[in-house]
Amino acid sequence: MHITNYSSCIMVIFGGTGDLAHRKLLPAIYNLYSQKKLSHNFAVVAIGRRAKTSDEYREEVLDSLHAFLKFDVEKEVWNSIKNKIYYKEMDFSEGESYQGLNIDLMEIDDRHNTCGNRMYYMAVAPEFFGTIVDNLKINCMKSNYNAWNRVVIEKPFGRDLNSARLLNNKIVEVFKEENTYRIDHYLGKEMLQNIMVIRFANMLFEPLWNNKFIDHIQISSSETVGVGGRGNYYEKSGALRDMVQSHMLQLLSLIAMEPPNDLETKSIRDEKVKVLKSLGRSKIADINEVIVRGQYGGLVDDSDEILAYRNENKVSESSNTETFVALKVNIENFRWSGVPFYIRTGKRMKKKSTEIVIQFKSLHNILYFKEKELLPNMLVIRVQPTEGVFFQFNAKEPGTQNNIIPVNMDFCQNCHIGINSPEAYERLLSDVIRGDATLFARWDEVEYSWRFVDQIFEAWEDTNPQFPNYKPWTWGPKESDDLLKKDNRSWINF
Ligand SMILES: NC(=O)c1ccc[n+]([C@@H]2O[C@H](COP(=O)([O-])OP(=O)(O)OC[C@H]3O[C@@H](n4cnc5c(N)ncnc54)[C@H](OP(=O)(O)O)[C@@H]3O)[C@@H](O)[C@H]2O)c1
């Protein structure tokens, strides 16, 4: 891993007028700048089709900062950063406009001393990626000898293995793998980075992290909201593509990977990829036995009407898109053989949370196991909205009886004043500028995730699910509970 310490660069945002740029990217840039984690020799060029001047764009950025920052905008910081933000009106699909873009970039480069370094951020729909990189290659990649050109690609990276491959082939014609940053913003979350530390820096956990001591693992990510205004996108995606192929399999690979030889980018990614590779090793024998899909229905009460997915804006009335998926995954390797990983994700569910539950095997103890079975030890890694770690173990209930009760050690990281975790995009943008790709997906990680997910789509292809099959603000369809019940287990819903 070669990390450059200088951060002088121009960040070119394709899709600078869009939701992602306003809600996440520009607030992250402001925060990095206010914390002095960005060089003064820095500039942003935001690209969109809407006609506006840079001054008008800056006013809109200021409004977004007021709306989306956790803290007040500091006047001094804003006055210092605002003149580094430019707006460029152009249509990506028009090849000739890139010459003008390059001239603008060279001028901004001179004005802000950004050393020719460029980060091209694709905050646009994936169908534009190919056209943009082709045109960048022809017009915008001739910066000076020492300068770097990096590309940041938002998910979804393709919609199946074939389209992901085509997209990747396009990108590698222009950017080398080490300059390609496939972003999965989950990897920028504090607790995800903490998974390796919890595993590999604690004598209490590392020796037990295997099939001798762990009964099963649950990885859940639920949202209470529906698709809202994103029906158009979601119809082409669904929970399996939107969440499982990317975020959930990334979580799985961090939980299940072997210890890397060192903390170099390559060593960590090599270990993660081995997990993903082992998933697709054997064909899933009977998809219906191990995978449940669902779609939320609607609800009408006195005060309000909650729309069923099929009635949401830009969603087909007969849509078979899944808004929920639960699956049982086996990792066929020495460490995990026989330990099921249950993955669950959905919209319009009871609670917003992303959590990983590691349930240890029960201790069959003749001393204390009398009337009722002891509850197993449980380690819960809370990713969002609460960040922290929770450990459940058994202790004696105070009193004259020898009753045993489960007690908890609960460390809530973001409840403590003074521990203010950076937003995922802050960490990730800062890593791109520093040239550290550890928290980004390498092509083979993406490839093996698609291989696994594609076989599920193949099996679903000719089937007609009975949708809708779960009510809003529940834990999904009944079949999801049955999936674990068959194994004498149940979802842990905190
Ligand atoms: N929003 C999120 O939180 C989020 C999270 C993860 C991933 N993503 C991904 O990030 C990408 C962008 O999402 P978004 O929500 O920001 O989308 P969005 O709000 O629809 O924004 C799309 C942007 O693309 C620009 N654009 C579209 N066609 C263009 C063209 N031909 N020439 C120039 N500009 C063009 C639009 O500019 P004009 O409107 O000015 O034309 C706008 O700035 C998508 O791939 C999405 O899946 C988004």
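Numbering of ligands and ligand atoms starts at 1, following listing order.
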Review point. What residues, two or more places apart in sequence or in another chain, satisfy side chain to side chain donor-acceptor pair (under 3.5 Å) together with Thr114?
Key: Asp109

Practice item. Decide if the gap between the ring center of His112 and the ring center of Tyr86 is smaller than 6.0 angstrom. Key: yes

Study note, to complete from the structure: The ring pair (Phe, Tyr, Trp, His ring centres under 6.0 Å) partners of Phe467 (sequence neighbours excluded) come to none

Review point. If you measure only the distance, is there a donor-acceptor pair under 3.5 Å linking the side chains of Tyr30 and Gln35?
Key: no

Close N/O pairs between ligand 1 and protein, under 3.5 Å:
residue  : atom   : partner : partner atom : Å
ligand 1 : 1 (N)  : Asp19   : OD2          : 2.7
ligand 1 : 3 (O)  : Arg23   : NH2          : 2.7
ligand 1 : 16 (O) : Asp19   : N            : 3.2
ligand 1 : 16 (O) : Leu20   : N            : 2.8
ligand 1 : 19 (O) : Asp19   : N            : 2.9
ligand 1 : 28 (N) : Arg49   : NH2          : 3.3
ligand 1 : 31 (N) : Asp91   : OD1          : 2.9
ligand 1 : 32 (N) : Phe92   : N            : 2.9
ligand 1 : 37 (O) : Thr17   : OG1          : 3.0
ligand 1 : 39 (O) : Arg50   : NE           : 2.9
ligand 1 : 39 (O) : Arg50   : NH2          : 2.8
ligand 1 : 40 (O) : Thr17   : OG1          : 2.8
ligand 1 : 40 (O) : Arg49   : N            : 3.0
ligand 1 : 40 (O) : Arg50   : N            : 3.2
ligand 1 : 40 (O) : Arg50   : NE           : 2.9
ligand 1 : 41 (O) : Arg49   : N            : 3.4
ligand 1 : 41 (O) : Arg49   : NE           : 2.7
ligand 1 : 41 (O) : Arg49   : NH2          : 3.2
ligand 1 : 43 (O) : Gly15   : O            : 3.4
ligand 1 : 43 (O) : Thr17   : N            : 3.2
ligand 1 : 43 (O) : Thr17   : OG1          : 2.6
ligand 1 : 43 (O) : Gly18   : N            : 3.0
ligand 1 : 45 (O) : Val124  : O            : 2.8

Practice item. Sequence neighbours left out, what passes salt bridge (Lys or Arg N to Asp or Glu O under 4.0 Å) with Lys88? Give chain and number order. Key: Asp104

Practice item. Could you tell me whether Phe390 and Phe494 have their ring centroids closer than 6.0 angstrom? Key: yes

